[in-house]
Every structure is written in C-alpha cells, then in structure tokens.
2 protein chains.
Amino acid sequence: MKKITIGDAARQSGVKVPTIRYYESIGLLAAPSRSEGNQRSYEPADVRRLAFIRHARELGFEVDAIRTLLTLQDEPDQPCASADAIAKARLIEVEQRIRSLMALKAELEMMVEGCGHGRVDQCRVIEVLADHGQCTHAHH
Amino acid sequence: MKKITIGDAARQSGVKVPTIRYYESIGLLAAPSRSEGNQRSYEPADVRRLAFIRHARELGFEVDAIRTLLTLQDEPDQPCASADAIAKARLIEVEQRIRSLMALKAELEMMVEGCGHGRVDQCRVIEVLADHGQCTHAHH
DNA sequence: CTACATGCTCTAGCGACTAGAGGTGCAAGA
DNA sequence: TCTTGCACCTCTAGTCGCTAGAGCATGTAG
C-alpha cells in the first residue's frame, strides 16, 4: 500500500500543491482518503486525473469543459459526440484568437518599426495608440 | 461650455460606463469635474485619453503598461525609449502566444480528426488528453 | 407633472488560481 | 530521544480587469 502525498502527486502530475487543493475545493478532483495525521493520500488514478486536467488546461479548456470531459472519461461506453463538440468549439476559439493575434502583431510591428527612437512627440508607438485611425487594418 | 456626460464619453470612446468609473477608481483616468448635481463632466481630452486606453487594452497591454504609456504621452519632450521597450516586450509576448496557439491548434486538429464519433473509449479527444505522451510534438 | 433614462455610490462576484498566516505531522540526523 | 526543518493542514484574502446588482438621485422629453 504505497501512499502518494500531495507533494508527490504534484511532482508526478505537474499540478502545483495549492492548485490540487483548489481543484478538490471546486469538486474537479474527488477528496482523497486521509492518513492518520489527516494528510491527503492519493491513488495513481488521481495522479492520472490530475495530468489529464493539467493537459486540458494547457490546451486552454475551461474548468467547466474539463468537468464535462472528465465525466465523459468516466463513462467509456457513451458516444463521444460531446467530447468532440467541446474540442471543436475550442479549436474554433483558438483559430479566432490566432487570427486576432496576427493582426495585433502586425500593428505592434508597425509601431516598433515606426519608432525613430527620438522624442515621444515623434514616436509612432504613442501616436498609433492615441489615434486608432492610423492603423492600416480593421479590427474585429 | 459643452459638458460631456459619462454616457457620451462612453459612446465616443468605446469604453463602457462602469469601466470608465473603474479606470477613475484605479487612477488611470483623472477624476473629472462634476456638475451641480454631482454628475461627472468630461473634456474632449478625457475622451481621447479613454480611446487611447481602449486601443492599448485591445492590443493586450496591461493596465500598468498603459499607465506608463500615458505618463509618457503627457511628457512629449522625453525620449521614447520606454514606450519602445513596452511595445517590443508586448510584441515578443504576442509572438510567443501565437507560436503556442499554433501548436495547440495542431493538437486540437489531431484530436478532432482522430475522433471516429464512436464511443468514448475509442475517442482520440479523451485519449490524447489522458496521455500527453501521445502528442506528436513537444510543448514549451 | 410624470415617466423614464441616465447618473450616483457601494458591495460583491467572475475565473483560476496564488500568497500568506498560523498551526500540525513526520522523517532523519545528533 | 530529541530536535531540526521540511512538508503538510486550514483559512482568509489578494490578484487582474472588469461586470452585475441594489438602492438611490438627477436630468430630460412629452
């Protein structure tokens, strides 16, 4: 009977100790059994669940989406349409975010290139910020 | 003596009314004069400042960075090295964010394509999330 | 004069943590 | 055995940039 402490679970899963406790508090991870001295004692399955959560968070899924994905994972005989829909929705979000960041990058490059490193009143960085009309492209 | 109400300032600048009050509360926008009935009364310069803030926020600058940019704008005879540095730092952030979002997009596409729309236990979405090792590329 | 939109202040909530205070458990070295 | 010191515990409050709502006061159009 090997006992996994919260610290070990953190090291193995890559989720920080306070974050693990936070996930427990919001019901994303079930409360584990406790040792005699009231310390959390995790099973390998908990560590896998934490790794799942971490990876999903890295992919930008919100906690609510992860909650759904986790319940799906627990019922492997269900059709996976929901998981697919969640991933697809996230993909669309990511594509939009990339597009808007590319526009933003172009604008920032213009600002930085235009800056003659002189005085503020000739600086394109400030100028472009002050007057959105100077952007060569449309936002949104 | 035209008086600009907070509602007009909001419409002209594109910053919402509660957000304007919030900016005042955190000292990003100076408290304006008040009408007899204690209502905020803005000058055109305030509206320009709000538009500046809004544009900078759209570009993803944090409020602290905007604070610096605003004080720079107020001192046009200073060298603009700080403004340049802030914009460059933001550019680097944006470039990194784009790169990581592209990796993420690839991973999500793999997940969605691999999903055979069958049962959860054959679903690549769940599978990939559960085992990061299945990603064909390295993160970070 | 009466609606009703707009304004005011204040407090609390969002998401997803993070930081800190103040205390307890536990394992290893002296 | 004692003690040192890290890891653990709970609880509260703070972060960022707003947003929502309660409960009033004011300003304006018909």
Side-chain angles (χ1 to χ4, degrees), chain A residues 1-29 31-42 46-47 49-70 86 89-90 93 97, chain B residues 1-29 31-42 46-47 49-70 86 89-90 93 97:
Chain A
M1 197 70 184
K2 65 217 153 201
K3 47 191 166 187
I4 303 173
T5 66
I6 196 168
D8 288 335
R11 270 180 290 280
Q12 287 172 41
S13 67
V15 179
K16 288 188 211 151
V17 168
T19 306
I20 294 177
R21 286 196 279 250
Y22 167 70
Y23 286 160
E24 184 183 322
S25 81
I26 61 167
L28 202 55
L29 188 72
S33 59
R34 299 287 182 124
S35 75
E36 293 211 0
N38 197 35
Q39 299 197 221
R40 287 169 180 84
S41 177
Y42 293 96
D46 296 318
V47 175
R49 202 174 176 91
L50 280 169
F52 182 106
I53 296 170
R54 200 203 70 174
H55 190 199
R57 286 293 301 132
E58 275 172 2
L59 289 173
F61 289 95
E62 291 176 7
V63 163
D64 262 10
I66 296 174
R67 217 183 287 271
T68 306
L69 290 171
L70 282 167
I86 290 172
R90 179 73 193 132
E93 270 174 44
R97 190 90 186 106
Chain B
M1 196 69 184
K2 64 214 153 200
K3 47 191 164 185
I4 303 173
T5 67
I6 196 168
D8 288 337
R11 270 179 290 279
Q12 288 172 42
S13 67
V15 179
K16 289 187 210 151
V17 168
T19 306
I20 294 177
R21 287 195 279 249
Y22 168 71
Y23 286 159
E24 184 183 321
S25 81
I26 61 166
L28 202 56
L29 188 72
S33 57
R34 299 287 182 124
S35 73
E36 293 211 359
N38 197 35
Q39 301 199 295
R40 288 170 180 82
S41 176
Y42 293 96
D46 296 318
V47 175
R49 201 174 177 93
L50 280 170
F52 182 106
I53 295 169
R54 201 202 68 172
H55 190 198
R57 286 294 301 136
E58 275 173 2
L59 290 173
F61 288 95
E62 291 176 7
V63 163
D64 262 9
I66 296 173
R67 218 184 286 274
T68 307
L69 289 170
L70 282 167
I86 290 171
R90 179 73 193 131
E93 270 174 43
R97 191 90 184 105

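Scope of the values below: all heavy atoms of this structure, side chains included, with no hydrogens, waters or symmetry mates. Order of the sequence lines fixes the chain letters, A, B, ..., with proteins taken first and strands second; residue numbering starts at 1 for each chain. Please read these numbers as outputs of a predicted model, since none were measured by experiment.
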[N] phosphate, OP1 or OP2, under 4.0 Å from [X] side-chain N/O:
X        : N       : value
Arg40(B) : dC8(C)  : yes
Tyr23(A) : dC17(C) : yes
Thr19(A) : dA16(C) : no
Arg21(A) : dC9(D)  : yes

Subject >> Carboxylate-amine/guanidinium proximity below 4.0 Å for Asp64(B) and Arg67(B) >> reply: yes
Subject >> Residues Arg21(A), Glu24(A): salt bridge by 4.0 Å N-O rule >> reply: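 Not counted as a salt bridge, because no side-chain N and carboxylate O are separated by less than 4.0 Å.
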Separation of atom [atom1] in [X] from atom [atom2] in [N], rounded to whole Å:
X        : N       : atom1 : atom2 : value
Leu29(A) : dA16(C) : CG    : C1'   : 16 Å
Ile4(B)  : dG7(C)  : CD1   : P     : 13 Å
Ile6(B)  : dA5(C)  : CD1   : P     : 19 Å
Arg54(A) : dA16(C) : CZ    : P     : 17 Å
Ile66(A) : dA16(C) : CD1   : C1'   : 10 Å
Tyr22(A) : dC8(D)  : OH    : C1'   : 21 Å
Asp8(A)  : dC8(D)  : CG    : C1'   : 12 Å
Ile26(A) : dG15(C) : CD1   : C1'   : 9 Å

Original post:
DNA chain C: Thr5(B) or Val63(A), which has the more 5' nearest nucleotide?
Top reply: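 Looking at DNA chain C, the more 5' nearest nucleotide goes with Thr5(B).
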Nearest-0.5 Å distance that lies between atom [atom1] in [X] and atom [atom2] in [Y]:
X        : Y        : atom1 : atom2 : answer
Ile20(B) : Leu29(B) : CD1   : CG    : 7.5 Å
Arg34(B) : Gln39(B) : CZ    : CD    : 9.0 Å
Tyr23(A) : Asp46(A) : OH    : CG    : 14.5 Å

Original post:
Tyr42(B) versus Asp8(B): any side-chain heavy-atom pair under 4.5 Å?
Top reply: no
**OP:** Any chance you could lay out the side chain to side chain contact (heavy atoms under 4.5 Å, CB included) test for Ile53(A) and Val15(A), step after step, and finish with the verdict?
**Re:** CA-CA 9 Å; Ile53(A) 296 170; Val15(A) 179; 5.7 Å; no
Identify each atom pair where a protein N or O and an N or O of nucleotides 20-30 of chain D are less than 3.5 Å apart, giving names and distance.
unit_1	atom_1	unit_2	atom_2	d
dG27(D)	OP1	Gly37(B)	N	3.2

Original post:
Among the nucleotides dA16(C), dT9(C), dG7(C), which one has an atom lying closest to any side-chain atom of Arg34(B)?
Top reply: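 Selected nucleotide (nearest to the side chain): dT9(C).
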